[in-house]
Engineer: 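I'd like to ask you about the structure that follows.
Numbered from 1 within each chain, the chains take letters A, B, ... in sequence-line order. These numbers come from a predicted model, not from an experiment.
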Amino acid sequence: MTVELGNIFASAVKNSLFRDKSILQINHTPNSIPHRDKQIEQVANILASILRNERPSNLFLYGKTGTGKTLSVQYVRDELLKKAMQMGVEVRIEYINCKLRKIADTEYRILAAIIKKLGGEVPATGLPTDQVYSKFIELIDNKKQLVVLILDEVDQAVNKISDGFIYNLTRLNSELSKAQISLIGISNDVTFLDNVDPRVRSSLGEEEIVFPPYNALQLQDILQERCKKAFKDGVVDEGVVAKCAAYAAREHGDARRALDLMRIAGELSEREQSKKVELKFIDMANEKIERDKILDIVETEPKQFQLVLYSIFQLTKKSKIENFNRIFTGDVYNFYQALCNKTKTEILTQRRVSDIIAEIDMLGLINAKVISKGRHGRTREIKLSIPSNLHEKVESIMIEGLGL
DNA sequence: AGGTATTCACATGAAACTATTCTCTGAGTTAGG
DNA sequence: TAACTCAGAGAATAGTTTCATGTGAATACCTGT
């Protein structure tokens, strides 16, 4: 039996609620950035010295996710490059996201990524790091120019690698004869500069700018503006935008989250053949985002993580039946060992499993709290924090993934 | 009763090891002149 | 003799093990009343 797809497609086109969905996508760069005037101005002020051919101060930006840091810097960068072009000033401003796994999450790879952006070539491995440094120097020092490196999510890089590499970068200026480098560090972690080598702190933090979270009203503005362009007229009510903003404001004012929510709510409304984006779709979108995130994590984590998670899963189940409500690291490890024997997998040390538990905690799948049981030692008390309507689905994914 | 010292069961840290992937180098091999 | 092949040395990285040290508070152990 053939399904009549023609109708589905036809109505999909006709009933589209979107004018331009890409406006709500996270990589979209809007041409105005509301409620960030002050920060943009500050960044611009500091970088403006480029136009006088002076090296700008190193700059450090921090604020939670989705507070417009990256967007603001990109914006200033674009404007500045235009201006510099007009004035014939030699500048390179390169943006590197230090969190991208396999691309720029180690000292070597960050350097390699920069070099690549500057037009050089570096093999993925096999070269000593200092050789990569000299290649970098060679590449930029051939003429008088200013090089600004924007390092997004530096905190990630630094606690993965050590702060030595930022120090190296700042120190590089003394080895350059013609060119000069400035750094712009961007971090989500407000406390990042506190636990970092003082030399790095003073050089990277020559100037600091804080991006506070958006409040619900500001988020509403942002959403309002984008919705006007992204959706067709009359599709989104005032109340819907307000609710969406309120949801995101609860999550530490994350604009990215708000936009995602809006976009997915739109998609869901379309799928349901609704003429408008209704309030209930915001709720559904919220659930869907959460759900997709969890399922994605569970599917993509490596086998050992799944084994540990599966152990926690089973123990949680057992604890409900037998009524002993608390689960500790030791319990998990025992179950895990048994599970490894059963699946003929090699058993990791408790040390490692302890770290894995901590990592699963970071991912938000469980809630692990270090507690002391007094004479009975110190452990993590572990609680599953996957909503119960997903349990079945998650369990089947793991069973399949582990071949149980 | 009130105070302190112990002790448990891991947490947390640092270093070292392993396997894999990749480059570079130089010895040995090959083919053409 | 130039070009080519291939093994071995050296690097980077991810994931782990080994060794070492840290730790919060329930309990055991005193002490003096």
Side-chain angles (χ1 to χ4, degrees), chain A residues 96-116 120-139 153-166 168-169 189 191-192 194-197 297 300-312 315 319 324-341 343-363 365-383 401-402:
Chain A
I96 293 107
N97 188 331
C98 307
K99 207 178 71 178
L100 296 176
R101 279 175 75 76
K102 300 281 183 184
I103 297 180
D105 58 349
T106 70
E107 180 172 18
Y108 185 97
R109 295 216 265 249
I110 289 173
L111 252 331
I114 296 171
I115 291 176
K116 204 169 167 193
E121 263 309 320
V122 171
T125 175
L127 256 50
T129 308
D130 43 335
Q131 208 161 314
V132 183
Y133 268 106
S134 34
K135 185 144 189 178
F136 174 54
I137 292 174
E138 188 184 305
L139 197 61
E153 325 236 12
V154 244
D155 49 328
Q156 299 282 328
V158 165
N159 60 39
K160 191 92 232 133
I161 310 165
S162 97
D163 45 23
F165 107 93
I166 291 191
N168 285 341
L169 280 180
D189 182 4
T191 63
F192 165 65
D194 298 342
N195 11 345
V196 120
D197 189 310
I297 292 172
T300 53
E301 283 308 299
K303 196 165 180 185
Q304 294 289 2
F305 279 59
Q306 294 199 2
L307 282 166
V308 174
L309 185 59
Y310 187 75
S311 304
I312 296 170
L315 284 172
S319 77
F324 62 93
N325 30 23
R326 284 139 57 96
I327 300 173
F328 305 109
T329 303
D331 308 331
V332 175
Y333 190 62
N334 288 336
F335 195 100
Y336 161 83
Q337 277 180 301
L339 197 60
C340 284
N341 282 330
T343 58
K344 198 73 185 81
T345 321
E346 86 180 297
I347 304 172
L348 300 182
T349 26
Q350 178 160 302
R351 177 70 187 81
R352 180 60 186 141
V353 171
S354 177
D355 277 349
I356 291 178
I357 291 175
E359 282 169 57
I360 297 179
D361 179 38
M362 291 289 278
L363 291 172
L365 297 186
I366 61 173
N367 197 309
K369 212 169 108 199
V370 182
I371 55 157
S372 173
K373 291 193 288 174
R375 198 70 200 288
H376 304 290
R378 246 158 74 89
T379 342
R380 285 201 174 84
E381 186 185 338
I382 298 161
K383 271 188 290 180
L402 299 172

Engineer: For A:His376 and A:Asp105, find the nucleotide of DNA chain C closest to each by heavy atoms; which residue's nucleotide sits nearer the 5' end?
Structural biologist: A:Asp105
Engineer: Does B:dA11 have OP1 or OP2 under 4.0 Å away from a side-chain N or O of A:Arg380?
Structural biologist: yes
Engineer: Which of the following nucleotides, C:dA28, B:dT23, B:dC10, is nearest to the side chain of A:Arg375?
Structural biologist: C:dA28
Engineer: Within the 4.0 Å heavy-atom criterion, would you say A:Ile371 contacts the bases, only the backbone, or no part of the nucleic acid?
Structural biologist: nothing
Engineer: Are any of the side-chain nitrogens in A:Glu359 or A:Arg352 under 4.0 Å away from the carboxylate oxygens of its partner?
Structural biologist: yes
Engineer: Quantified as the angle between the terminal helix axes (five pairs each), what is the overall bend of the helix from B:dA1-C:dT31 to B:dA31-C:dT1 to 10 degrees?
Structural biologist: 20°
Engineer: So does A:Thr329 get a side-chain nitrogen or oxygen closer than 4.0 Å to the phosphate oxygens (OP1/OP2) of B:dA11?
Structural biologist: yes
Engineer: Below 4.0 angstrom from OP1 or OP2 of C:dT17, is there any side-chain N or O of A:Thr349?
Structural biologist: yes
Engineer: Please state whether the phosphate of C:dT23, meaning OP1 or OP2, lies under 4.0 angstrom from any side-chain nitrogen or oxygen of A:Arg378.
Structural biologist: no
Engineer: Looking at the side chain of A:Arg109, which of B:dA11, C:dT13, C:dA12 is the nearest nucleotide?
Structural biologist: C:dT13
Engineer: Report yes if a side-chain nitrogen or oxygen of A:Ser354 is closer than 4.0 Å to either non-bridging phosphate oxygen (OP1 or OP2) of B:dA11; otherwise report no.
Structural biologist: yes
Engineer: Can you work out whether A:Lys373 or A:Asp355 has the more 5'-proximal nearest nucleotide on DNA chain B?
Structural biologist: A:Lys373
Engineer: Which nucleotide in the set C:dT16, B:dA11, C:dT18 lies at the smallest distance from any side-chain heavy atom of A:Arg351?
Structural biologist: C:dT18
Engineer: A:Thr106 side chain: which of B:dT21, C:dA14, C:dT16 is closest?
Structural biologist: C:dA14
Engineer: Of the options B:dG13, C:dA12, B:dC10, whose atoms approach the side-chain atoms of A:Thr129 most closely?
Structural biologist: C:dA12
Engineer: Checking A:Asp361 side chain against A:Ala368 main chain: does a donor-acceptor pair fall under 3.5 Å?
Structural biologist: yes
Engineer: Just how far is it from atom CD1 of A:Ile96 to atom CD1 of A:Ile103, taken to the nearest 0.5 Å?
Structural biologist: 12.0 Å
